[in-house]
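Everything below concerns the one structure shown next.
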There are 2 protein chains.
Amino acid sequence: MTPTENELNILQAAEKLFTEHGYNATSTTDIAREAKCTQALVHYYYRTKENLFQKVFLNKLKSLVELIKKPLEADCGFEQKIRLIIESYFDLISQNRALPLFIFNELVSHPERREMIKAIIHDAIIHEEVFASFDSSLHEAVRQGKIRDITAENLLIDIVSLNATTFIIAPIYANIKGNDDTAQDDFLTSRKEEIVQLITRGLKA
Amino acid sequence: MTPTENELNILQAAEKLFTEHGYNATSTTDIAREAKCTQALVHYYYRTKENLFQKVFLNKLKSLVELIKKPLEADCGFEQKIRLIIESYFDLISQNRALPLFIFNELVSHPERREMIKAIIHDAIIHEEVFASFDSSLHEAVRQGKIRDITAENLLIDIVSLNATTFIIAPIYANIKGNDDTAQDDFLTSRKEEIVQLITRGLKA
DNA sequence: GTCTATAGGCGGATAGAC
DNA sequence: GTCTATCCGCCTATAGAC
């Protein structure tokens, strides 16, 4: 029942390689090498490559949703909440920079995997009413004339879009500009503040 | 010198499949089937898969830059220009919906391809001074207090981020919501207006 | 549980006939 | 220019010894 060391190593290796290079570009041989075991063992524990991938993908999606829930539940004014959402989401991706493109890719190229997202969204957000409470506090702010008329959906998509793309572009940008790490860090901090500015100002009534 | 029909069919098939499924997920056999010829012919005309891919990628990048240049050069007030840029860029991607993810992917997973972008940006934008003139008209607007302090770089990245992600998310969103095409179209028109609102309001001083 | 060995399939690329 | 046939390598997956 308790997982052996190899079993865990394989899962972690798979997480690393799948998120960095995607499903197609990762072979079970690569995973075995990264996990320092034989390729046969990968199949012994996880049977098929697809099955191993789904475990990884599900883990990533769940942890992503969990981390997004916190700032949504924060107890503070609406404007502060927005800033909190943006910044904590930004920091989250910052710890896991390959995640946005990885998720976009797998959802676009393998439509059957969208079912996973459906289930997770339903379980973690709608059922627990986190989203609903954020939605109603947004409506309240709109009704009071504090912010312009906007749906929670559009607002969240704005935030996700700006944050996710920033991390997709960052390595490309740094590479084109001159390829050092400080260039990329400067870019990221500049973008983080710009996103907060754009959203908070863009919400004004 | 003038390309034969097969040569052209192969290129078009490659364009379609590479942009839709990416480099790794597209085989030369797939391309041959789509072009209605044998797989040997693909290699006869383009020698290697990598070589064929580079031709496709370069074509896409060039046409993208060309189409972006027009609204940048438009002769009108600053606020109208912003709206024009967003809307024409939105319509452009709308005609070629797989393009954003395709380009992000290939630039992230194959860093050597960033050299292409460097050269293109230099040739098409910096050398022809389109970008410089947009940059100076932006500074002018900032100096006059019409808009807040923002760099052209940040503004263009905001626009590209919001537009590109919209089209990446659209099929996923529609699929989760109920999977019909009208849901997706509604989503897109809603997003287009939201992006214009967010950017123009978010620029205010 | 872990290994070696190998089956079986698909990929890119080329040779050679027409 | 276009085809068929084929080489060779890598991939996933499994069989079977220990």
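A quick note: this is a predicted structure, and the numbers were derived from the prediction, not measured. Throughout, protein chains are lettered first and strands after them, A, B, ... in sequence-line order, and every chain is numbered starting at 1.
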In whole angstrom, what separates B/L8's CG from D/dG1's C1'?
-> 16 Å

Would you indicate which nucleotide in C/dC3, C/dG12, D/dT2 comes nearest to any side-chain atom of A/A40?
-> C/dC3

To the nearest Å, give me how far apart CG (A/D30) and P (D/dT12) are.
-> 8 Å

Should B/H43 be listed as having a side-chain N or O under 4.0 Å from OP1 or OP2 of C/dA13?
-> yes

Nucleotide nearest A/K49 (side chain, heavy atoms from C-beta), chosen from C/dG12, D/dT12, D/dC3 | D/dT12

Aromatic A/Y23 / basic A/R113 pairing, under 6.0 angstrom, 45° off normal | yes

C/dG1 OP1/OP2 closer than 4.0 Å to side-chain N/O of A/N6 = no

Which heavy-atom pair separates B/A98 from B/T19 by the least distance, and what is that distance?
-> CB-O, 3.4 Å

B/T48 side chain: which of C/dT2, C/dA13, C/dG12 is closest?
-> C/dA13

Whole angstrom is fine here: how far is it from CD1 in A/I10 over to C1' in C/dC3?
-> 13 Å

Is there a side-chain polar atom (N or O) of B/Y45 under 4.0 Å from OP1 or OP2 of D/dT2?
-> yes

Output yes when at least one side-chain N/O atom of B/T4 is less than 4.0 Å from OP1 or OP2 of D/dG1, else no.
-> no

Scan A/D158, A/D91, A/I159 and name whichever one has a side chain to side chain contact (heavy atoms under 4.5 Å, CB included) with A/I86.
-> A/I159

Base, sugar-phosphate, or nothing for B/Y44, non-hydrogen atoms under 4.0 angstrom?
-> base

B/N24 CG to D/dC10 P, in whole Å, measures 15 Å

Please report, rounded to the nearest Å, how far the P atom of C/dG12 is from the OH atom of B/Y46.
-> 16 Å

For the residue pair A/A174 and A/D180, what are the closest heavy atoms and their distance?
-> CB-O, 4.1 Å

Return the orientation label for the A/F53 and A/F57 ring planes: parallel under 30°, perpendicular over 60°, tilted otherwise.
-> parallel

Spacing between A/N51 atom CG and D/dT12 atom P, to the nearest angstrom | 14 Å

C/dC3 P sits how many Å from A/R33 CZ, rounded?
-> 15 Å

Taking OP1 and OP2 of D/dT12, is either one under 4.0 Å from a side-chain nitrogen or oxygen of A/T28?
-> yes

In whole Å, what is the span from the CD atom of B/Q39 to the P atom of C/dG9?
-> 18 Å

